[in-house]
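All heavy atoms count here, side chains included; hydrogens, waters and symmetry mates do not. Being a predicted model, the structure only gives us computed values, none of them experimental.
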Amino acid sequence: MTLTSILPSLRASLPDPLDPTLWPACTEATVDDVRVRAVSMQRLATVAGTPCVHTAEQAAPRHRPRGWAPADVCVTVAAVTRVRRPWGVLFVELDAVVPDCAVLAETRLIGRRSVAPVAEVTLTTNPAGTAGREAVLPADVRVGDLVCFPCVRALAHRDVVVP
């Protein structure tokens, strides 16, 4: 549990911490963005559109085995297209396919500051919103918001585009 999860109002001035082993090397969080090697994910989504993928080198483990070489990992940025709350469950539909290699425990809201408490959400890509994967986002997530999450292997744009 982090200080920003106990006191969500701190997120207006203090970014949520991220796990450096799950994100690419040289990733830093700000209060409303994630930067990977000085590339803003919010700006990338503005320029390239959503969904988009940014590939970078894997962060080095704390104890490197001999012969270790960094692999390519990526960060996926998607836009929220629909939010529903049936039966007390928060379904968030994205304009991207959520790949199996996504680390959804590290999902971040980018593009705006939110001081709402975090809630467990189900990220989906199908319009019915029936199947999906669990993530944690601010409870006030809304249509048009941008979310980003790390993936443990490199992906191409075609891997996250909804067919």
**Message:** Please check this pair: side chain of Thr107 against backbone of Phe149, looking for a donor-acceptor N/O pair closer than 3.5 Å.
**Reply:** no

**Selection residues 45-56 - residue pairs positive for side-chain hydrogen bond (donor to acceptor under 3.5 Å, both in side chains), sequence neighbours left out** = Thr50-Asp95

**Prompt:** Just how far is it from atom CG of Asp140 to atom CG of Leu109, taken to the nearest 0.5 Å?
**Reply:** 7.5 Å

**Asked** Who pairs with Thr27 by side-chain hydrogen bond (donor to acceptor under 3.5 Å, both in side chains), at least two apart in sequence or on another chain?
**Response** none

**Request:** Decide side-chain contact (heavy atoms from CB on, under 4.5 Å) for Leu44 and Val36; before the verdict, give the C-alpha distance in whole Å, the side-chain angles of both, and the deciding distance to 0.1 Å.
**Result:** CA-CA 11 Å; Leu44 178 68; Val36 179; over 6 Å; no

**Complete:** Across all chains, not counting sequence neighbours, the salt bridge (Lys or Arg N to Asp or Glu O under 4.0 Å) partners of Glu28 are Arg35

**Request:** Report whether Leu146 and Val34 are members of the same hydrophobic cluster (ILVMFWY, side-chain heavy atoms less than 4.5 Å apart, transitive linking).
**Result:** yes

**Asked** What distance do Arg82 atom CZ and Leu94 atom CG have between them, rounded to the nearest 0.5 Å?
**Response** 13.0 Å

Which atom pairs, donor and acceptor, lie under 3.5 Å between side-chain atoms of residues 155-163 and protein residues at least two apart or in another chain?
| unit_1 | atom_1 | unit_2 | atom_2 | d |
| --- | --- | --- | --- | --- |
| His157 | NE2 | Pro51 | O | 3.1 |
| Asp159 | OD2 | Ala156 | N | 2.9 |

**Item:** From Cys52 atom SG to Met41 atom CE, the distance as rounded to the nearest 0.5 Å
**Value:** 7.5 Å

**Message:** Can you list everything that forms a side-chain hydrogen bond (donor to acceptor under 3.5 Å, both in side chains) with Asp145? Sequence neighbours excluded, please.
**Reply:** Arg112

**Check: Ala71 main-chain N/O paired with Arg153 side-chain donor or acceptor under 3.5 Å** = no

**Item:** Contact summary for Val97 and Pro99, nearest pair of heavy atoms
**Value:** O-CD, 3.1 Å

**Request:** Report the residues that fulfil side chain to side chain contact (heavy atoms under 4.5 Å, CB included) with Pro20, sequence neighbours left out, ordered by chain and then residue number.
**Result:** none

**Prompt:** When hydrophobic residues are tied together by side-chain contacts of less than 4.5 Å, even through go-betweens, does Val77 share a cluster with Val136?
**Reply:** no

**Message:** Measuring only between side-chain heavy atoms, which start at C-beta, is Val141 closer than 4.5 Å to Leu90?
**Reply:** yes

**Complete:** Across all chains, not counting sequence neighbours, the side chain to side chain contact (heavy atoms under 4.5 Å, CB included) partners of Val73 are Pro24, Gln58

**Complete:** On a heavy-atom basis, the closest approach of Ile110 and Asp33 is CG2-CA, 3.9 Å

**Prompt:** So how far is it from Glu93 CD to Thr81 OG1, rounded to the nearest 0.5 Å?
**Reply:** 4.0 Å

**Prompt:** If every non-hydrogen atom of Leu104 is compared with every non-hydrogen atom of Arg133, which pair is closest and at what distance?
**Reply:** CD1-CB, 3.4 Å

**Request:** Check side-chain hydrogen bond (donor to acceptor under 3.5 Å, both in side chains) between Glu106 and all other residues, then give those that pass, not counting sequence neighbours.
**Result:** Trp23, Arg108

**Request:** Go through the structure and list residues passing side-chain hydrogen bond (donor to acceptor under 3.5 Å, both in side chains) with Glu134, not counting sequence neighbours.
**Result:** Thr122

**Item:** Leu22 side, atom CG; Cys151 side, atom SG - distance, nearest 0.5 Å
**Value:** 11.5 Å

